[in-house]
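Down below is the structure, laid out as structure tokens.
Small disclaimer: the values here were computed from a predicted structure and weren't measured. Order of listing sets the numbers, starting from 1, for every ligand and every atom in it.
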Amino acid sequence: MQGNRPSRSEAPIGVFDSGVGGLTVVREIMRQIPDERIVYFGDTARVPYGSKSKDTIIRYSRQIIRFLRQQDVKAIVVACNTASAQALDEIEKEIEIPIIGVVKPGAKVAAEVTRNGKIGVIGTEGTVGSRIYSRYIKELNPSAEVLGKACPLFVPLVEEGLLHDPVTDEIAMRYLSSLIDSGIDTLVLGCTHYPLIRSTVGKVMGDGVTLVNPAYETARELREMLVRENLQNTVKPELGSNQYQFFVSDAADKFIRFANSIIKYGILSAKIINIEEY
Ligand code: DGL
């Protein structure tokens, strides 16, 4: 203990995303490491990140990290694929607490599970354009062939709740047909929203294609990292102890509605902060 502050291992994990999508990562952390506290920030005022420049995403990420550091987090998870792709290399040099993104854990599993060495990656324009999944996959599996495909309409379809809908089926067919033709056997769901349309993507790609969910792999990696760094929380948070706290930069009601549709733990509130002040 340092003064009255809880020990580092009892401090929360900071998780951030451009908006609601990062809740797919939060959901996995809640499932896999249920004793951890979480402070989540969703940048709902400035979403989407997927079509923005690298410089802008680095600036946004720095502001969010300053906010999370003020909440005294012990580690940070960049839940957004675009921010992991565009900003993590830069921001990880600037902070001394552990920070992980979603790209490396997803790339690692894709490199391991492919049988024919042909891997597809779907994500935002920013993530696919950065070719970062390809870089990490090839570091582990140099002969792998990585094919990227940006699927920008998937994000609004998910946010409109069209998870099982003929419109989403049709768009998925159009986006994914070139990946089917290329004979990939593994497909990375390289955007926060895509695990929510996993069944549609799986149906279109067929049984022979293994889907990799970076949200799941990131929670696994986080658990291992906390053990390695001796940071795992061994004190079970009491009920009503604000184990999970949510902050957004705009439209808290919409955020709460979406959050409650995907996470079974009732998210009662989300506080709006002015992220431009950080
Ligand atoms: N969270 C973003 C990602 O995972 C998707 C939404 C956006 O474009 O900001 O890439």
Side-chain angles (χ1 to χ4, degrees), residues 14-29 40-61 63-65 68 76-89 91 99-107 110 120-134 136 148-163 168 171-172 175 187-198 201 211-219 221-222 246-251 254-255 258-259 262-263 275:
V15 181
F16 78 89
D17 177 52
S18 55
V20 294
L23 293 167
T24 57
V25 179
V26 166
R27 181 171 71 167
E28 293 297 342
I29 299 172
Y40 181 88
F41 176 76
D43 201 357
T44 46
R46 305 187 295 193
V47 69
Y49 282 13
S51 50
K52 294 201 169 67
S53 71
K54 186 178 176 77
D55 285 351
T56 298
I57 294 165
I58 292 174
R59 184 168 74 79
Y60 288 176
S61 301
Q63 289 178 314
I64 297 167
I65 286 170
L68 291 173
I76 291 178
V77 177
V78 185
C80 179
N81 278 261
T82 309
S84 299
Q86 303 275 37
L88 185 56
D89 278 355
I91 56 183
I99 180 164
I100 63 169
V102 286
V103 171
K104 261 190 198 168
V121 175
I122 52 175
T124 63
E125 282 168 54
T127 300
V128 171
S130 75
R131 305 188 58 77
I132 193 160
Y133 271 102
S134 173
Y136 289 138
K149 175 78 188 164
C151 303
L153 289 174
F154 281 166
V155 167
L157 287 168
V158 168
E159 293 197 9
E160 284 301 317
L162 301 173
L163 305 184
T168 309
I171 303 281
Y175 278 149
L187 179 64
V188 181
L189 305 175
C191 173
T192 46
H193 293 58
Y194 301 177
L196 299 171
I197 48 165
R198 189 193 174 106
V201 173
L211 302 183
V212 174
N213 176 1
Y216 176 86
E217 306 305 338
T218 300
E221 176 98 11
L222 174 66
F246 297 89
F247 295 86
V248 291
S249 45
D250 197 11
K254 201 169 160 209
F255 175 87
F258 189 87
I262 68 160
I263 293 179
I275 196 65

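- Looking only at distances, a side-chain donor or acceptor of Thr24 sits under 3.5 Å from a matching main-chain atom of Thr192.
- Residue-environment remark: NZ (Lys54) exceeds the threshold of 12 foreign heavy atoms within 6.0 Å.
- The shortest distance between side-chain heavy atoms of Arg198 and Asn213 falls below 4.5 Å.
- Ligand-side atoms of ligand 1 in range of Val47: 9 (O), range being under 4.0 angstrom from any heavy atom.
- Shortest contact from atom 10 (O) of ligand 1 to any protein heavy atom: Thr82 OG1, 2.5 Å.
- For Ala83 against Tyr49, the heavy-atom pair with the smallest separation is CB-CD2, 4.4 Å.
- Under 4.0 Å from ligand 1, heavy atoms of Thr192 appear from its side chain as well as its backbone.
- The nearest heavy-atom contact from the protein to atom 8 (O) of ligand 1 is Gly50 N, 2.9 Å.
- Of the listed residues (Leu162, Ile197, Leu157), just one forms a side-chain contact (heavy atoms from CB on, under 4.5 Å) with Ile171, and that residue is Leu157.
- Remark: ligand 1 atoms within the under-4.0 Å shell around heavy atoms of Cys191 are 3 (C), 4 (O), 5 (C).
- Considering backbone and side-chain N/O atoms, Asn81 comes within less than 3.5 Å of an N/O atom of ligand 1.
- Judged purely by atom type and a 3.5 angstrom limit, Thr127 has no side-chain atom pairing as donor or acceptor with the backbone of Ala85.
- Contact annotation: for Val102 versus ligand 1, there are no heavy atoms closer than 4.0 Å.
- For ligand 1, the polar-atom distance check against Ala79 finds no nitrogen or oxygen pair separated by under 3.5 Å.
- Heavy-atom separations between Gly19 and ligand 1 are all 4.0 Å or longer.
- Atoms of ligand 1 found under 4.0 Å from any heavy atom of Thr124 (numbered from 1 in listed order, with element): 5 (C), 8 (O), 10 (O).
- By the 4.5 Å heavy-atom criterion applied to side chains, Tyr60 and Cys80 are not counted as neighbours.
- In terms of protein heavy-atom proximity, atom 6 (C) of ligand 1 is closest to Ser18 OG, 3.6 Å.
- Residue contacts with ligand 1 include Cys80, since one of its heavy atoms falls under 4.0 Å from the ligand.
- Within ligand 1, counting atoms from 1 as listed, the ones closer than 4.0 Å to a heavy atom of Asp17 are 1 (N).
- Other residues, nucleotides and ligands contribute at most 12 non-hydrogen atoms within 6.0 Å of the CZ atom of Arg131.
- The environment of Lys52 atom NZ is dense: over 12 non-hydrogen atoms of other residues, nucleotides or ligands sit within 6.0 angstrom.
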